[in-house]
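I have placed the structure first, in the form of structure tokens, so that the comments after it can refer back to it.
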Number of protein chains: 2
Amino acid sequence: MSPSPERREELLATAAEVFAAQGYNATTVRKIADAAGMLAGSLYYHFDSKESMLDEILATFLDDLWARYDAVLAAGLGPRETIEALVTESFREIDRHRAAVAIYQNESKHLGTQPRFGYLAGSQQKFEKAWLGTLERGVAAKVFRADLDVRLTYRFVRDTVWVAASWYRPEGQHSPEEIARQYLSMVLEGIALRA
Amino acid sequence: MSPSPERREELLATAAEVFAAQGYNATTVRKIADAAGMLAGSLYYHFDSKESMLDEILATFLDDLWARYDAVLAAGLGPRETIEALVTESFREIDRHRAAVAIYQNESKHLGTQPRFGYLAGSQQKFEKAWLGTLERGVAAKVFRADLDVRLTYRFVRDTVWVAASWYRPEGQHSPEEIARQYLSMVLEGIALRA
DNA sequence: TAACCTACCAAACACTTGTTAGGGAAGGAG
DNA sequence: CTCCTTCCCTAACAAGTGTTTGGTAGGTTA
């Protein structure tokens, strides 16, 4: 009748791993139950549907993400420092919610059409506003180059940051901060050697 | 008994669009048939399974891709010029096979485990060898910076190029060559304004 | 001991899935 | 006209899907 929140979180974590590895639609509730060491029907003691598991996984991730993004945006930093902080927080978030980020990458596009997942589209808009706005602010302040299409730059930067979730492993040799540092160095200064 | 190749190609094109939009597993053969204006069973006059449709879509794309990549790699260009040519060919390939690239992005990871799609893993290895090798050659030739982790750079460059398939539209305002030019300018020179 | 709650199992449900088999309409070839 | 090929439809199949219902073992509370 009233399951414990701790068990729910455990099950959501294993479900997220399976979703990320196999894709949401290819994941059957029986596979999730297998990974959790129980039978398919037993999941419905904790959750009322497969879809609500996905919902809770994504919503939890986005809540956490935006708490940190909002803190950065409210800090009143300059354009370059804002970008640096957003990138760093993004890689930290990949470290914390790797599975959720991978799911978001793979499924958000066609989930966004469903009313239940409308907040995904909302989040994406907020996301674009924050990043694109910062880039434009930087161009106006003569911190970033003006000869590049800002929207194109935004897409490149956004994509590169988030697809990292597909290869990032927590036990890897680079910390999220180190990855962010190298990524920022590449995007800001370029990989070509100066004469 | 013997369907015409032209009709096959038509059907594969519409199937690829649906696969790209909805994901392979979420796409039912009935949805493909709907999009093609026929019934589900009729598809089996042209193809012997849903999986073989996916197979043919991906194999056709990779064949085309490698024909062009190999031409670039055989041209004997310098590291920087090789990267420029590879990036440009990649965006052109996205223009030609947008749906196939999107499918490859979404599904190749967990398809690679199946024996039938083993060539996906093979292609990825060849891909890494070409790109990573060129980057390392550039570092040795003092054309690219030596203080960046080359493997990390490779992943960033690779991912950013290919995820473009998720937002690129042929009728958009930028040609593949223009997108490649801006992308190369960003990656090579950086977005920060020089003092 | 008795009542109760948590967390799971066992077995089934209605439905959707990829796939197959047989048939038939349209049109060109003889 | 007849035969044959191409292309699709109708109708069903077995397996797998998400979900529901009723039951039960084990611990906690009274």
Side-chain angles (χ1 to χ4, degrees), chain A residues 1-59 99 103 106-107 110-111 113-117, chain B residues 1-59 99 103 106-107 110-111 113-117:
Chain A
M1 212 66 201
S2 54
S4 85
E6 293 83 14
R7 189 71 178 116
R8 280 176 65 93
E9 271 185 59
E10 278 183 39
L11 293 173
L12 280 180
T14 69
E17 291 298 330
V18 187
F19 284 154
Q22 324 240 4
Y24 173 72
N25 282 288
T27 300
T28 71
V29 293
R30 284 165 180 83
K31 283 184 192 169
I32 302 176
D34 271 9
M38 49 196 249
L39 292 184
S42 308
L43 286 171
Y44 289 80
Y45 171 71
H46 300 275
F47 311 96
D48 47 79
S49 75
K50 176 189 173 187
E51 196 178 72
S52 75
M53 295 189 218
L54 177 63
D55 196 354
E56 195 164 335
I57 289 169
L58 292 177
I103 298 168
N106 287 330
E107 318 288 345
H110 50 268
L111 282 180
T113 60
Q114 295 179 239
R116 172 168 195 173
F117 293 95
Chain B
M1 211 64 199
S2 54
S4 85
E6 293 82 15
R7 189 70 177 117
R8 281 176 64 93
E9 269 186 59
E10 277 183 39
L11 293 173
L12 279 180
T14 69
E17 290 298 329
V18 186
F19 284 155
Q22 322 240 5
Y24 173 72
N25 283 288
T27 299
T28 71
V29 293
R30 282 164 181 84
K31 283 184 192 170
I32 301 176
D34 270 10
M38 48 195 251
L39 291 184
S42 308
L43 287 171
Y44 289 80
Y45 171 71
H46 300 275
F47 310 96
D48 48 78
S49 74
K50 176 188 172 188
E51 198 180 71
S52 75
M53 295 189 216
L54 177 64
D55 196 355
E56 194 164 336
I57 290 169
L58 292 178
I103 298 169
N106 288 328
E107 318 289 346
H110 51 269
L111 282 180
T113 61
Q114 294 177 239
R116 172 168 197 173
F117 293 95

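Proteins get letters first, then strands, A, B, ... in listed order; numbering begins at 1 in each.
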Starting from the first five and the last five pairs of the helix from C/dT1-D/dA30 to C/dG30-D/dC1, work out the angle between the resulting helix axes, to 10 degrees.
10°
Heavy atoms, side chains only, cut-off 4.5 Å: are B/Tyr24 and B/Glu51 in contact?
yes
Using only side-chain N and O atoms of A/Ser4, determine if any of them is under 4.0 Å from OP1 or OP2 of C/dA7.
yes
Between A/His46 and C/dC8, does any side-chain N or O lie under 4.0 Å from OP1 or OP2?
yes
Specify the residues of residues 17-44 of chain B, ordered by number, for which at least one heavy atom lies under 4.0 angstrom from an atom of DNA chain D.
B/Arg30, B/Met38, B/Leu39, B/Ser42
Suppose we screen for salt bridge (charged side-chain N to carboxylate O under 4.0 Å, His left out). Which residues come up paired with B/Glu9, at least two apart in sequence or across chains?
none
Below 4.0 Å: OP1/OP2 of C/dA7 and any side-chain N or O of A/Tyr45:
yes
side-chain contact (heavy atoms from CB on, under 4.5 Å) between B/Leu58 and B/Glu107, intermediate numbers included
CA-CA 10 Å; B/Leu58 292 178; B/Glu107 318 289 346; 5.9 Å; no
Could you work out, with side chain to side chain contact (heavy atoms under 4.5 Å, CB included) as the rule, every residue matching B/Glu6, not counting sequence neighbours?
B/Ser4
Not counting sequence neighbours, which residues clear side chain to side chain donor-acceptor pair (under 3.5 Å) with B/Asn25? List them please.
none
Extract all donor-acceptor atom pairs below 3.5 Å that involve side chains of residues 11-23 of chain B and protein atoms in other chains or at least two apart in sequence.
| unit_1 | atom_1 | unit_2 | atom_2 | d |
| --- | --- | --- | --- | --- |
| B/Thr14 | OG1 | B/Leu11 | O | 2.9 |
| B/Glu17 | OE1 | B/Arg98 | NH2 | 3.2 |

Side-chain touch A/Phe117/A/His110, heavy atoms, less than 4.5 angstrom
no
Just to be sure I understand the geometry, which residues of residues 48-57 of chain A put a non-hydrogen atom under 4.0 Å away from DNA chain D?
A/Ser49, A/Lys50
Restricting to pairs with a member in residues 19-47 of chain B, which pass salt bridge (charged side-chain N to carboxylate O under 4.0 Å, His left out), not counting sequence neighbours?
none
So which pairs with a foot in residues 19-29 of chain A pass salt bridge (charged side-chain N to carboxylate O under 4.0 Å, His left out), sequence neighbours left out?
none
By salt bridge (charged side-chain N to carboxylate O under 4.0 Å, His left out), A/Asp55 pairs with (sequence neighbours left out) A/Arg116
